[in-house]
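Down below is the structure, laid out as structure tokens.
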Amino acid sequence: MSDPTLLVLSSLAGGDKHGYAMMEDIERFAGVRLGPGTLYGAITRLERHGWIRPVNSKDRRQPYTITGAGREHLHDQLASLSRVVRTGLRRLENA
Amino acid sequence: MKRAMRLLARLYPSSWRKRYGSEFDALLEDSKPSAHDALDIFCGALKMQMTTWGSGRVTLASTLAGILVAVAVALFLALPAHYLSQAVLIVSPADESVPADESARRLVDRIEQNLYGRDYLASVIHEHNLYWRERLRMPLDDVVENTRRDISLVPVPSPGNRNAFTVVVQFDYPDPRVAQRVNEELTSRFIEGGLNSQLTSNWTFRVSVAPSLPLRPVTPNRARLMALCLLAGLFAGLTLAIVLRSRRTVSVG
């Protein structure tokens, strides 16, 4: 999985994080290192859709949190991905 | 590198910078600088710019890209193609037991002098009607000098025999058939020069690859030229559009 928006949502599903913490978390759980441009491109899109929002903070390192709509979207996307994974694995085993 | 990344971050649209600039800069301070991240920021800035563009700036960028592509096409048509005919000769000692490094070097020097001689090259130029445009506007000695630059002799040691060597004879010319004919002449001259030399009683000459008829030009590399101009056009268009946007933002602010 390399869709940066899903990676960011999956990271925030585990708790609020700022940009650098998301980069490190994603690298740990997905083995993918998002560059700063890619990460903030995803953050911009997700915030525009209302799937994440900034958390009040006085630090320049702005933390974000996943919204209810974001959880729902992530759930739908992962369920769809999971169906694809199950089907692919089953077909590989039967081949 | 960190400074370059901060500069690249300024390419983002000002509205985006107003909202995310401070936290993005904080992220860059935390990150380890790398060329990969710098490229990522550049691409991110371009994408963000393009999502906020109006039709005017898209038109401007496309026009500039178009102009540079047109320039590439014009160059493509105007630049003369050059074809390289090649021949490969194998020069080996008659008696392989005799070390002949020194005499091999003297042999090649002697043949080169013979091949690059002014009178000989002048006769080749006249015989094959070479460089007729240049001959109209420059003295023959200068044309001969140009001809020398278009000839190359590349001696390469032969593997397995430390005394034998291979010589690649090349001639570069805008007409492929003329390039081949002149290279045939040069290759014959090379062999004759070698055989007539007093040094060559110990050497044999064999044509391994006859002078080739080049099918494709070596220059210009037209695909590369087109690709470079297209990239330059896109880059110039994007940069101009970003600069115009920044100036407009400053004047409005």
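Every heavy atom of this structure was used, including side-chain atoms; hydrogens, water molecules and symmetry mates were not. Labels below follow one simple rule: chain letters A, B, ... track the order of the sequence lines, proteins then strands, and each chain is numbered from 1.
- Looking at B:Leu39, there are no atoms closer than 4.5 Å to chain A (heavy atoms on both sides), in backbone or side chain.
- Heavy-atom contacts from other residues, nucleotides or ligands closer than 6.0 Å to CZ of A:Arg60 number more than 12.
- A salt bridge links A:Arg33 with B:Asp37; the closest basic N to acidic carboxylate O contact falls under 4.0 Å.
- If you measure heavy-atom distances from B:Tyr12 to chain A, the contacts under 4.5 Å come from the side chain alone.
- Ranked by non-hydrogen atom pairs under 4.5 Å with chain A, the options B:Met5, B:His36, B:Arg19, B:Lys47 are led by B:Arg19.
- Rounded to the nearest 0.5 Å, atoms CH2 (B:Trp16) and OG1 (A:Thr44) are 5.5 Å apart.
- When B:Ser31, B:Gly44, B:Cys43, B:Ala38 are compared by the number of non-hydrogen pairs under 4.5 Å with chain A, B:Ser31 comes out ahead.
- With a 4.5 Å cut-off on side-chain heavy atoms, A:Tyr40 and B:Glu23 count as touching.
- At least one donor-acceptor pair under 3.5 Å links the side chain of B:Asp40 to the backbone N or O of A:Gly37.
- A 6.0 Å sphere centred on CZ of B:Arg148 holds more than 12 heavy atoms belonging to other residues, nucleotides or ligands.
- Counting heavy atoms of neighbouring residues, nucleotides and ligands inside a 6.0 Å radius, atom CD of A:Glu72 does not exceed 12 of them.
- Taking CE of B:Met48 as the start and CZ of A:Arg45 as the end, the distance is 7.5 Å to the nearest 0.5 Å.
- Residue A:Glu47 holds its CD atom at 3.5 Å from OH of B:Tyr20, rounded to the nearest 0.5 Å.
- With rounding to the nearest 0.5 angstrom, the CG atom of B:Leu27 is 9.0 Å from the NE2 atom of A:His18.
- Shown here is A:Asn94, whose CG atom has more than 12 heavy atoms of other residues, nucleotides or ligands within 6.0 Å.
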